[in-house]
Amino acid sequence: MKTTFSAHALRIASLVLAGACATAAMTANAADFTGRGVFNFKSDSGCPFAALAGPANECNRLALDDADTRAALDSAAHTIRFANPRSYADKAIVGDVLLQGSGRSSGGQRVPLTFHALLSRSGNEWSVSSHAHSPIGGEFSDIRIDPYQVVVIEGSSERVVLTPTQISETLSKPSLAARFANEVVQVRDNRTGVAKDADITVGLGLRKASKSVARAQFRAPSAKGRELAEAMRQGNWSLELQALSGQIPRQVVQRDLFLYGLESHPQLQPLLQNGFRKNEKLVLGAANGKGYLRYDGRQHEFAEADASARAFLQDSFIGLVLGWQQQQAPLSRAVADAR
């Protein structure tokens, strides 16, 4: 499975900057899905932060980008089939699969891992690109992830485009292209002293030559040192993302707004149309148990803030890093090569 450096780096940056959007994910109660939407289904291998996912462990995800895309989920056979009869003039993402798992780091620590595959159509042809998210760098062993295969329908036949072995290998031993991509994604831990709340800056570029693109913070002032779910239950928390660059592609922002369910939110229409401006902030939070969303200096009540933030912390690269950091001791140096 070939993943180019530019595509991987852009996906990392986009997940960082657009990840604060909420989720419109629907629990998968049926095997067949049709039309534009985002759907969650059970992970038998566990979720990155179990308390956030709830007892059903529904943290795997299917996304269908338009009304012409269909997917069939067979959880017993661990097979996901995609179909789309439409011919596209230009290459277009038509769906994705996100599977949650874990692996053991070289230091022996069990680490949450996410496998993410994007399915695209150009003309009548299918293509797939995939990559892994992890809160720390390096190779991983003892991979635990549901053994799904992904199949695409081509006319009257079907073709397997991802196997369980390929998925496990993507998580355990990233390809040379993916390794190179990760070299230019720098994650810096901004915490000092005994600060507990997660605070990171993400940059693109090689080490000292990297350019900062975003800062992300999770604050829970009334629940210092507690795990994410308990912190959020206190009813006073915030998840803040700030764009440090105005060069994030607008189409990437638009898709992430779709994935997290905010593309139709009235307050976010300027973001949907224009993308992020440099130094612009997007905040989800709760004050005394009441959710809110703040963008462009204006704040509105948002009852779904808790559910939105929970989904972001589990599904996105930056959320995975924030959630992991929130539960680890502060670091005295930058965290590099995070995936």
Side-chain angles (χ1 to χ4, degrees), residues 12-23 48-49 52 112 133 135-136 185-204 210-246 248 253 256 260 262 268 271 276-288 290-299 302 305-336 338:
I12 293 297
S14 70
L15 287 169
V16 169
L17 293 176
C21 310
T23 182
F49 312 109
L52 295 182
H133 301 164
I136 62 175
V185 179
Q186 312 296 332
V187 181
R188 185 175 71 244
D189 187 340
N190 295 323
R191 293 174 298 177
T192 59
V194 296
K196 177 65 179 179
D197 288 338
D199 183 351
I200 63 176
T201 296
V202 176
L204 296 178
S210 68
K211 175 180 176 60
S212 296
V213 295
R215 183 173 184 175
Q217 298 170 277
F218 180 88
R219 297 190 183 97
S222 63
K224 295 289 185 182
R226 300 179 181 178
E227 291 192 359
L228 290 169
E230 184 176 353
M232 296 176 77
R233 279 195 294 269
Q234 305 300 309
N236 292 282
W237 57 270
S238 66
L239 175 64
E240 178 180 301
L241 291 101
Q242 180 181 13
L244 303 179
S245 168
I248 306 302
V253 174
D256 286 325
Y260 293 97
L262 260 280
L268 297 181
L271 178 60
F276 280 99
R277 301 190 303 268
K278 185 175 181 179
N279 295 322
E280 200 168 43
K281 292 183 179 180
L282 178 61
V283 183
L284 288 171
N288 298 319
K290 293 185 177 182
Y292 65 84
L293 183 150
R294 186 187 311 133
Y295 172 71
D296 197 23
R298 290 174 288 183
Q299 182 170 310
F302 184 49
D306 180 82
S308 302
R310 287 170 184 261
F312 163 69
L313 289 165
Q314 291 199 116
D315 288 0
S316 70
F317 163 72
I318 191 62
L320 188 67
V321 176
L322 282 175
W324 175 260
Q325 189 186 82
Q326 182 74 15
Q327 299 176 90
Q328 308 299 312
L331 303 178
S332 59
R333 58 182 178 81
V335 180

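Worth knowing before you read on, the calculation uses all heavy atoms, side chains too, and leaves out hydrogens, waters and symmetry mates. Source: prediction; values computed, not measured.
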Novice: Distance from R215 atom CZ to L241 atom CG, nearest 0.5 Å?
Specialist: 11.5 Å

Novice: State, to 0.1 Å, how close Q314 and P48 come at their nearest heavy-atom pair, and which atoms those are.
Specialist: OE1-CD, 3.7 Å

Novice: Is a side-chain N or O of N236 found less than 3.5 angstrom from the main chain of A287, in a donor-acceptor match?
Specialist: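 Such a contact is absent between N236 side chain and A287 backbone.
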
Novice: Give the minimum heavy-atom separation between L284 and S308, together with the two atoms involved.
Specialist: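 Scanning both residues, the minimum pair turns out to be CD1-CB, 3.8 Å.
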
Novice: Ignoring hydrogens, what is the shortest heavy-atom contact between F302 and L293? Give both atom names and the distance.
Specialist: CB-N, 3.7 Å

Novice: Which atoms form the tightest heavy-atom contact between A305 and G285, and what is the distance?
Specialist: CB-O, 3.5 Å

Novice: For Q325, does its backbone N or O pair with a side-chain atom of R191 as donor and acceptor, under 3.5 Å?
Specialist: yes

Novice: What's the spacing between L322 CG and I200 CD1 if we round to 0.5 Å?
Specialist: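 So the CG of L322 and the CD1 of I200 are separated by 4.5 Å.
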
Novice: With sequence neighbours left out, what residues match S238 under side-chain contact (heavy atoms from CB on, under 4.5 Å)?
Specialist: R219, V283, Y292

Novice: My understanding is that only residues two or more places apart in sequence, or in another chain, count here; which of them pass side-chain contact (heavy atoms from CB on, under 4.5 Å) with K281?
Specialist: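 Testing K281 for side-chain contact (heavy atoms from CB on, under 4.5 Å), a comparison that skips the adjacent residues, returns E240, Q242.
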
Novice: Between CG of L271 and CD of E280, what distance do you get to the nearest 0.5 Å?
Specialist: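 Those atoms lie 6.5 Å apart.
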
Novice: Could you tell me which non-hydrogen atom of L244 sits nearest to which non-hydrogen atom of N279, and how far apart they are?
Specialist: CD2-OD1, 4.2 Å

Novice: Check P135 against P112 and note the closest heavy-atom contact, atom names and distance.
Specialist: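 Closest approach of P135 to P112: CD-O, 3.2 Å.
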
Novice: Atom CG in L262, atom OH in Y295: separation rounded to 0.5 Å?
Specialist: 11.5 Å

Novice: With R233, which residues qualify under salt bridge (Lys or Arg N to Asp or Glu O under 4.0 Å), at least two apart?
Specialist: none

Novice: Not counting sequence neighbours, which residues clear side-chain hydrogen bond (donor to acceptor under 3.5 Å, both in side chains) with D296? List them please.
Specialist: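 Per chain and number, D296 pairs via side-chain hydrogen bond (donor to acceptor under 3.5 Å, both in side chains) with R277.
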
Novice: Mind checking what makes side-chain contact (heavy atoms from CB on, under 4.5 Å) contact with D306, not counting sequence neighbours?
Specialist: M232, W237, R310

Novice: To the nearest 0.5 Å, what is the distance between CG (N190) and CG (D197)?
Specialist: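 Here the rounded value is 12.5 Å.
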
